[in-house]
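Computed from a prediction, not measured in an experiment: that's the story for all the values here.
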Amino acid sequence: MASIKDVAAEAGVSVATVSRVLNDHPSVSADARTRVLAAVETLGYRPNAVARSLRTDQTHTLGLVISDVMNPYFTELARSVEEEARALGYSVIIGNADERPELQDHHVRNLLDRRIDGLLVSPTDGGSPLMLDAVRAGTPMVFVDRWMPGVAVPVVRSDGRSAIRDLVAHLHGLGHRRLAIIAGPAATTTGQERVAAFREALREYGLDLPDAYIGQGDFQAESGRRVTEGFLDLPEPPEVVFAADNLMALGALDAVRARGLRVPEDLALAAFDDIPWFVHTDPPITAIAQPTGELGRAAVRALVDRIEGRPPESVTLPARLVVRRSCGEPSPRNVAVDPVRNRSES
């Protein structure tokens, strides 16, 4: 990434002259201005939004960059963030990364330019130089749901390992032995963690997770459909597909139905990230529920603590298994139907 010094060298002027041009100062000659702007274009230089975000005055505005606004989990998360922020006297500007690292950084840069007081991010990957620069520059930041390993930023997240272990125990108790997973992006911490937890839980029951039973998804419905079609084409298809998020589960359900097959008779289905729709599918989907509303509220409180000079703390909340009827559960009377977890929390 080009620096202001690089621009000055390319244009043959001082750093101060570059700064004056970028700030539209009238004292710069037309020739110098032309050369600086040409150097900016040639080098692809962008002014340092991180440095400009450092200040002593407050705007009482928070930035929130979520991974996918179309995912009901993140929609609910954003809702709870906005409600808690408003209660604490802050407004929120939201950016949707659409699971694209470059779009994530675009929103982060713009939010820093808007002089926000602090930033909440659910990272689309683990290596954004812009966010690392922002952290090093002292920008108040909290990671929510996902995080960047090794970065000293408070993290507010749920612990899905215990719930995944409960799910595998539940599936094993139903007699299932061939279990597959539609994984989230390997670049995300949640994508990595859910596969690792699933594999570990299977190992406890003496079960393997062969490569053929790990499908690479992207937390969006189309990948769930594609991966499930691949599972169904295997010489020995799995008995259960565990989708590592709700949209991929819906895509998996579409793939099963498109083949004229049934859940759970032909293929059982479970999901991470419970959503209100799952009680209305046929059959209702067994899922792992995260305390989404409380995660959003806790993230705002941690960020406001950081902004207002109090020591922020990372928060980990438990996820839980909600058993319904998509895995061959024996009868409705044994099903714990949880209406809508988030509405009861909010």
Side-chain angles (χ1 to χ4, degrees), residues 71 73 158-186 188-234 236-257 261-275 277-278 281 283-290 319-329 335-336 338:
N71 187 319
Y73 168 78
S158 68
D159 179 8
R161 288 183 176 274
S162 179
I164 289 174
R165 188 179 301 113
D166 290 343
L167 172 64
V168 171
H170 172 67
L171 296 173
H172 189 272
L174 292 172
H176 298 302
R177 299 295 182 267
R178 300 195 308 276
L179 281 62
I181 184 170
I182 308 174
T188 63
T189 49
T190 48
Q192 298 166 18
E193 184 180 69
R194 290 169 195 174
V195 173
F198 190 62
R199 189 191 303 276
E200 182 181 316
L202 288 175
R203 193 177 296 124
E204 291 181 16
Y205 287 90
L207 303 176
D208 292 327
L209 183 60
D211 290 344
Y213 283 5
I214 305 174
Q216 188 61 60
D218 60 6
F219 286 147
Q220 297 185 346
E222 179 55 37
S223 68
R225 185 180 300 110
R226 170 180 50 78
V227 170
T228 302
E229 288 171 351
F231 287 153
L232 292 172
D233 288 336
L234 291 172
E236 188 174 44
E239 298 167 315
V240 183
V241 168
F242 171 46
D245 95 319
N246 47 51
L247 293 183
M248 294 193 300
L250 293 174
L253 185 60
D254 285 346
V256 173
R257 289 175 172 170
L261 303 175
R262 296 175 301 166
V263 172
E265 289 84 356
D266 299 302
L267 183 70
L269 177 64
F272 202 101
D273 282 342
D274 193 20
I275 52 175
W277 308 339
F278 282 172
T281 59
I285 295 176
T286 290
I288 291 172
Q290 298 195 75
R320 61 191 175 86
L321 176 64
V322 180
V323 176
R324 297 194 178 102
R325 289 191 287 118
S326 61
C327 295
E329 289 81 0
V335 177
D338 179 10

Note, [X] side chain near [Y] side chain (heavy atom, < 4.5 Å):
X: F278; Y: L250; answer: yes
X: L321; Y: T286; answer: yes
X: S326; Y: P264; answer: no
X: T228; Y: L267; answer: yes
X: N246; Y: W277; answer: no
X: Y213; Y: L234; answer: yes

Closest contact, heavy atoms only, [X] versus [Y]:
X: A244; Y: F219; value: O-CE2, 3.7 Å
X: L269; Y: A252; value: CD1-CB, 3.9 Å
X: V256; Y: L232; value: CA-CD1, 4.4 Å
X: C327; Y: A268; value: CA-CB, 3.6 Å
X: H172; Y: L207; value: CD2-CD1, 4.1 Å
X: P283; Y: V263; value: CD-O, 3.1 Å

Roughly how far, to the nearest 0.5 Å, is [atom2] of [Y] from [atom1] of [X]?
X: D159; Y: Q290; atom1: CG; atom2: CD; result: 10.0 Å
X: R199; Y: I164; atom1: CZ; atom2: CD1; result: 12.5 Å
X: D273; Y: L247; atom1: CG; atom2: CG; result: 8.5 Å
X: L209; Y: F198; atom1: CG; atom2: CZ; result: 6.0 Å

Is a donor on one side and an acceptor on the other found under 3.5 Å between the side chain of [X] and the backbone of [Y]?
X: R324; Y: I285; answer: yes
X: R194; Y: A183; answer: no
X: S223; Y: D218; answer: yes
X: E239; Y: R177; answer: yes
X: R226; Y: Q216; answer: yes

For a side-chain hydrogen bond (donor to acceptor under 3.5 Å, both in side chains) with H170, tell me which candidate from E329, R165, H176 qualifies.
E329
Carefully, step by step, assess E200 and R203 under the rule salt bridge (Lys or Arg N to Asp or Glu O under 4.0 Å).
CA-CA 5 Å; E200 182 181 316; R203 193 177 296 124; 5.7 Å; no
Only one of D208, L171, L167 forms a side chain to side chain contact (heavy atoms under 4.5 Å, CB included) with L179, so which one is it?
L171
Could you tell me how the ring of F272 sits relative to the ring of F242: parallel (under 30°), tilted (30 to 60°) or perpendicular (over 60°)?
tilted
For the CG atom on D233, are there more than 12 heavy atoms of other groups (residues, nucleotides or ligands in this structure) within a distance under 6.0 Å?
yes
